[in-house]
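The structure appears below as C-alpha cells.
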Amino acid sequence: MEGNTGDVACDHYHRYKEDIAIMKEIGLKAYRLSLSWPRILPVGTGQVNEKGLVFYDKLIDELLSKVLPLT
C-alpha cells in the first residue's frame, strides 16, 4: 500500500547502458533480444517510428562494443 505499481518494470529502454555494463561485469557472452514491433511500427503498418529504430541501433552498438566485440 505504498503506491508502488508495475507501470515501469526494468525500464531497459532508458537503462540499457547500465544493463549492458552489468552484463559485461558478470562476463555474459550472449544476449537474446526481441524487437517490440509496436515501437517500430506503432500502428502496425505504414510509417516507421524513427525513434524506435534509433533505440535498437544504439542498443546493438552498445552490445557489440561492450559485451560481444567482433574482434
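Note that the coordinates shown come from a computational prediction; the quantities given were computed from them, not determined experimentally.
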Report summary line: Across all chains, not counting sequence neighbours, the ring-ring contact (aromatic ring centres under 6.0 Å, His included) partners of Phe55 are Tyr13, Tyr16

Requested in this report: Please identify each residue that fulfils side-chain contact (heavy atoms from CB on, under 4.5 Å) with Glu50, with sequence neighbours left out.
Outcome: Val48, Leu53

Report summary line: Residues at least two apart in sequence or cross-chain that pass side chain to side chain donor-acceptor pair (under 3.5 Å) with Asp61, listed by chain then number, are none

**Report entry** Summary of salt bridge (Lys or Arg N to Asp or Glu O under 4.0 Å) pairs that have at least one residue in residues 8-23, sequence neighbours excluded
**Finding:** Arg15-Glu18

Requested in this report: Among residues two or more places apart or on two chains, list those pairs meeting side chain to side chain donor-acceptor pair (under 3.5 Å) that have a residue in residues 51-60.
Outcome: Arg39-Tyr56

Query raised in the report: In chain order, what residues pass the side chain to side chain donor-acceptor pair (under 3.5 Å) check against Asn49, with sequence neighbours excluded?
Result: none

Report summary line: Heavy atoms of Leu41 and Gln47 approach each other most closely as CD2-O, 3.9 Å

Query - Heavy-atom pair with the smallest gap, counting every atom of Val43 and Thr45 - result: CG2-O, 3.1 Å

Query raised in the report: Is there side-chain contact between Leu59 and Ile20, with heavy atoms separated by less than 4.5 Å?
Result: yes

